[in-house]
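Working notes, beginning with the structure itself.
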Number of protein chains: 2
Amino acid sequence: MDTQTQAFFEARAQIMKSLAHPTRLFMVDELSRGERCVCELTEMVGVDMSTVSKHLSLLKSAGIVADEKRGMQVYYRLKTPCVLRFFDCVGEVMIQKMQELTHLTSGR
Amino acid sequence: MDTQTQAFFEARAQIMKSLAHPTRLFMVDELSRGERCVCELTEMVGVDMSTVSKHLSLLKSAGIVADEKRGMQVYYRLKTPCVLRFFDCVGEVMIQKMQELTHLTSGR
DNA sequence: TGCGTACTTGGCCAAACCGCCAAATAGTGT
DNA sequence: ACACTATTTGGCGGTTTGGCCAAGTACGCA
């Protein structure tokens with residue numbers, strides 16, 4: 001694997017990584033229904049605000065979300081809504097896994 | 001965030017995590033062009049075969065690939081090709097990031 | 001049966017990740 | 001200027017991840 005190919009998949013991986021955490025996935029899901037400020041998200045996920053802030057800045061540097069300060073709050077919104085399409089496929093994967101489990105337990 | 005919601009996003013995250021590594025992304029890409037045995041992939045990525053094997057078993061337990069022993073080799077194939085659709089969007093994200101960089105450097 | 005090839009598993013170590021707390025920053029209102 | 005609120009940043013400890021090496025397993029073939 002040459003250096004350029006490696007760099008390409010490295011870049012791809014960084015974006016995937018930003019979506020590889022339950023809290024961040026929850027926030028993306030929430031943001032798919034409209035913009036939210038850090039404090040709102042903090043209350044919903046139930047961890048320290050500093051943690052939420054770090055998750056958001058990670059998503060931001062990955063290019064998934066954008067932020068805008070308005071009044072006293074910072075509002076985050078989904079910048080590339082196409083990520084939502086991911087989850088249709090993720091759903092398919094989950095369904096397939098469950099079906100295999102069913103086959104196993106129904107004796108085969 | 002209640003327990004059930006948490007479990008849901010945890011499951012989703014596990015699948016995303018399995019795709020959040022350059023080597024695994026490279027292998028998925030390669031498998032999109034047909035099945036490959038462990039030894040072929042090992043040679044392509046250029047790390048230890050044990051490492052490749054672990055990456056593959058991770059992808060397998062995530063439900064992304066399936067394996068089949070045939071002759072002396074174990075062949076892996078893409079089980080849920082829909083993951084490839086992810087990367088269209090990942091491409092969009094990357095392009096947007098590059099455009100922003102261009103705007104910055106062209107003085108604004 | 002015994003050898004070689006293909007692969008997997010276990011163990012170890014270094015690096016990355018995630019949570020919290022505390023401190024810094026920035027903007028609001030008095 | 002001062003206090004207050006919303007958010008970010010720095011730093012620390014515990015857990016997870018990713019690589020290699022060595023050992024184990026499984027199968028094909030002489």
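Throughout, protein chains are lettered first and strands after them, A, B, ... in sequence-line order, and every chain is numbered starting at 1.
- Using a 4.5 Å heavy-atom threshold, the side chains of Leu58(A) and Lys17(A) count as separate.
- Criterion: ILVMFWY side-chain heavy atoms under 4.5 Å apart, direct or through other members. Under it, Leu59(B) and Tyr75(B) are not part of a common hydrophobic cluster.
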Scoring nucleotides 25-30 of chain D by protein non-hydrogen atoms under 4.0 Å (B base, S sugar-phosphate only, - none) yields --SS--

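- Here the P atom of nucleotide dT17(D) and the NE2 atom of His21(A) are 11 Å apart, to the nearest Å.
- At least one side-chain nitrogen or oxygen of Arg24(B) sits closer than 4.0 Å to the OP1 or OP2 atom of dG18(D).
- Separating the CG atom of Leu59(A) from the P atom of dT7(D) is a distance of 16 Å, rounded to the nearest angstrom.
- Not counting sequence neighbours, the partners of Phe86(B) by the ring pair (Phe, Tyr, Trp, His ring centres under 6.0 Å) test are Phe86(A).
- The shortest distance between side-chain heavy atoms of Val28(A) and Leu84(A) falls below 4.5 Å.
- Contact of the Met44(B) side chain with the Met1(A) side chain is not registered, since no non-hydrogen atoms from C-beta on lie closer than 4.5 Å.
- The aromatic rings of His21(B) and His55(B) are tilted relative to each other, their planes meeting at an angle between 30° and 60°.
- A straight line from CG of Leu58(A) to C1' of dG19(C) spans 14 Å, rounded to a whole angstrom.
- Rounded to whole Å, atom P of dT7(D) lies 9 Å from atom CG of Leu41(A).
- In this structure, the CD atom of Gln73(B) is 5 Å from the P atom of dC7(C), given to the nearest Å.
- Distance Glu10(B) CD to dT16(D) P: 11 Å, rounded to the nearest Å.
- Projected onto DNA chain C by closest heavy-atom contact, Val47(A) and Glu40(B) fall at different nucleotides, the more 5' of which corresponds to Glu40(B).
- Rounded to an integer number of Å, the gap from CZ of Phe9(B) to P of dC18(C) is 17 Å.
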Protein-nucleotides 8-15 of chain C N/O pairs closer than 3.5 Å?
from	atom 1	to	atom 2	distance (Å)
dT8(C)	OP1	Tyr76(B)	OH	2.9
dT8(C)	OP2	Ser53(B)	OG	2.5
dT8(C)	O5'	Ser53(B)	OG	3.2
dG10(C)	O6	Lys54(B)	NZ	3.0
dG11(C)	O6	Lys54(B)	NZ	2.7

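- Side-chain polar atoms of Asp48(A) and Thr51(A) form no donor-acceptor pair below 3.5 angstrom.
- Side-chain N or O atoms of Ser53(B) include none that pairs as donor or acceptor with a backbone N or O of Met49(B) at under 3.5 Å.
- In this entry the distance linking NZ of Lys60(A) with C1' of dT7(D) reads 12 Å, nearest Å.
- The shortest distance between side-chain heavy atoms of Met16(A) and Phe9(A) does not fall below 4.5 Å.
- Residue His55(A) places at least one side-chain N or O closer than 4.0 Å to OP1 or OP2 of dG19(C).
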